[in-house]
Protein chains: 2
Amino acid sequence: MTARTRNPEATRAAILDAAEKIFLGKGYGEASMSQIAAQAGVTKSLLHHYFGSKENLWTEVKTRRFSIYVDHQLAMLEGADPDVNLLMESMKTYFHFLKDNPEMVRILAWVFLERQQDTCMTMDQGLMEAGAVKVAEGQARGEIRADINPHFILFTMVGIVQHWFQDRAHVLERFDGADPDTVDQAYLGDVVKIFFEGILPR
Amino acid sequence: MTARTRNPEATRAAILDAAEKIFLGKGYGEASMSQIAAQAGVTKSLLHHYFGSKENLWTEVKTRRFSIYVDHQLAMLEGADPDVNLLMESMKTYFHFLKDNPEMVRILAWVFLERQQDTCMTMDQGLMEAGAVKVAEGQARGEIRADINPHFILFTMVGIVQHWFQDRAHVLERFDGADPDTVDQAYLGDVVKIFFEGILPR
DNA sequence: TATATTATTAACCGGTCGGCCAGTTAGTTT
DNA sequence: AAACTAACTGGCCGACCGGTTAATAATATA
């Protein structure tokens with residue numbers, strides 16, 4: 001068989017997966033190494049063998065997810081010419097990305113609560129800057145109103161989407177019976193109307 | 001002296017204050033009853049005497065803050081006639097409220113992450129509903145565009161403000177040197193432009 | 001095949017955790 | 001002033017925490 005009795009890389013990945021599940025579920029403080037080990041099907045010692053400490057493990061979990069996030073976002077910016085329609089496309093893409101990756105929304109919240117200037121924060125700042133440049137280009141072309149700071153335009157767009165997945169539970173009950181996916185779609189449609197009407201040149 | 005040697009209500013409040021500080025600082029999991037007791041200047045046993053368990057204490061901390069929040073928001077809605085200008089006023093009021101009560105932003109994040117259908121969630125849903133009614137009134141009067149679900153209008157407004165205080169750290173660095181208060185003000189100004197242009201009748 | 005390396009485990013460490021209990025002290029009631 | 005209730009304390013408990021260590025089993029290397 002090609003299946004080895006030992007497979008370090010797979011083990012490492014299994015630990016990371018388990019750690020992500022536990023950490024994102026209960027947060028760093030309430031998660032325990034034993035739980036993670038059990039979830040991964042290995043011994044606690046092995047976590048230390050691969051990652052050294054609980055904190056290191058948490059850091060790796062965060063950066064792994066965050067890298068996927070940043071890559072996705074940068075690709076999105078790359079593909080987007082800076083006119084309004086493609087900014088709208090970006091917003092929709094971002095919306096569906098968060099819808100498909102709810103862990104990301106949780107990580108963002110945890111990172112906020114830890115309020116430390118870590119790698120994730122730095123990555124996100126770089127992303128923000130890259131996006132703002134694109135928006136500024138759109139403004140220079142006259143496709144986006146220029147009397148608003150490009151950083152704020154981007155920030156608002158991101159916020160409108162992020163906030164939905166963070167707090168939609170508070171709204172969903174008002175639409176009970178309705179299919180959540182339908183409500184998601186309705187929100188996206190309405191919010192696109194508001195936002196893009198608001199950033200039109202005038 | 002009027003100062004009693006014992007003052008249960010004051011003690012209770014002191015414990016709640018201490019608990020809020022510790023809980024919001026490090027989160028439920030990493031906070032410890034001993035730390036809270038030390039911070040409050042009482043014995044650990046007393047925390048159990050008043051609140052029964054760590055979890056109960058945490059719940060009380062949350063609901064206390066959340067009540068203040070809800071009261072403030074309801075008062076804001078009460079005072080507001082449902083025309084656009086007063087909705088704008090509400091947005092600004094909300095902005096300054098979160099600016100003055102950063103603990104609130106953290107609590108909101110915790111409530112999201114714990115994702116349990118608790119009192120806070122219920123309170124917030126009631127708030128959401130009350131706000132949506134006001135927006136709907138504005139729409140009926142023709143002061144707010146009627147082709148958008150009133151819940152989404154309110155939700156977006158709240159989100160734009162909340163998200164700022166959750167993630168502004170990522171932006172602030174790009175304005176380094178600048179006074180944070182000035183940046184806050186600049187954001188509020190710009191975002192008001194976007195949002196209210198976006199919800200105008202058309 | 002001998003040897004070094006690394007993946008893996010079980011047992012264990014000191015320390016802290018949340019919670020409990022027995023007792024004391026301060027106010028209240030009668 | 002006696003009896004009762006509630007505030008408050010110190011000390012203790014078993015459980016679990018993150019981390020270490022010493023040994024073993026599998027693999028890579030020579």
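Residue numbering restarts at 1 for every chain, and letters A, B, ... go by the order of the sequence lines. In what follows, every heavy atom counts, from backbone to side chain, and hydrogens, waters and symmetry copies are set aside.
Nucleic acid contact class of B:Thr43 (heavy atoms, under 4.0 Å, all strands): base. At a threshold of 4.0 angstrom between heavy atoms, the contacts of B:Ala31 are confined to the sugar-phosphate backbone, with no base atom among them. Within 4.0 Å of A:Ser45, counting heavy atoms only, lies at least one base atom of the nucleic acid.
Between A:Tyr69 and A:Phe66, the angle of the ring planes goes over 60°, which puts this pair in the perpendicular group of the 30/60° scheme. Using bins of under 30°, 30° to 60° and over 60° for the plane-to-plane angle, the ring pair B:Phe155/A:His163 lands in the tilted bin. Between A:Trp58 and A:Phe23, the angle of the ring planes lies from 30° to 60°, which puts this pair in the tilted group. Between B:Phe175 and A:Phe152, the ring planes lie parallel to each other; the angle is under 30°, not in the 30° to 60° tilted range.
B:Arg6 contributes a side-chain N or O that forms a donor-acceptor pair with the base of C:dT25 under 3.5 Å.
Per the geometry, CD belonging to A:Glu9 stands 20 Å off P belonging to D:dA26, to the nearest Å. Rounded to whole Å, the distance from CZ on B:Phe51 to P on D:dC8 is 12 Å. Note: NZ (B:Lys54) to P (C:dG18) measures 4 Å, nearest angstrom. B:Leu46 places its CG atom 14 Å from the C1' atom of C:dG19, with the value rounded to the nearest Å. For A:Glu55 and D:dC17, the CD to P distance is 18 Å, given to the nearest whole Å. Rounding to whole angstrom units, OH of residue B:Tyr50 and P of C:dG18 are separated by 20 Å. Following rounding to the nearest Å, B:His48 (NE2) and D:dG10 (P) show an atom-to-atom distance of 16 Å. Atom pair A:Leu47:CG and C:dA7:P shows a separation of 14 Å (rounding to whole Å applied).
At least one side-chain heavy atom of B:Lys26 sits less than 4.5 Å from a side-chain heavy atom of B:Gln35.
For C:dT8, one of the phosphate oxygens OP1 or OP2 lies less than 4.0 angstrom from a side-chain nitrogen or oxygen of A:Thr11. Side-chain nitrogen and oxygen atoms of B:Ser34 include at least one within less than 4.0 Å of the OP1 or OP2 phosphate oxygen of C:dC17.
Between A:Lys44 and A:His49, it is A:His49 whose nearest contact on DNA chain C lies nearer the 5' terminus.
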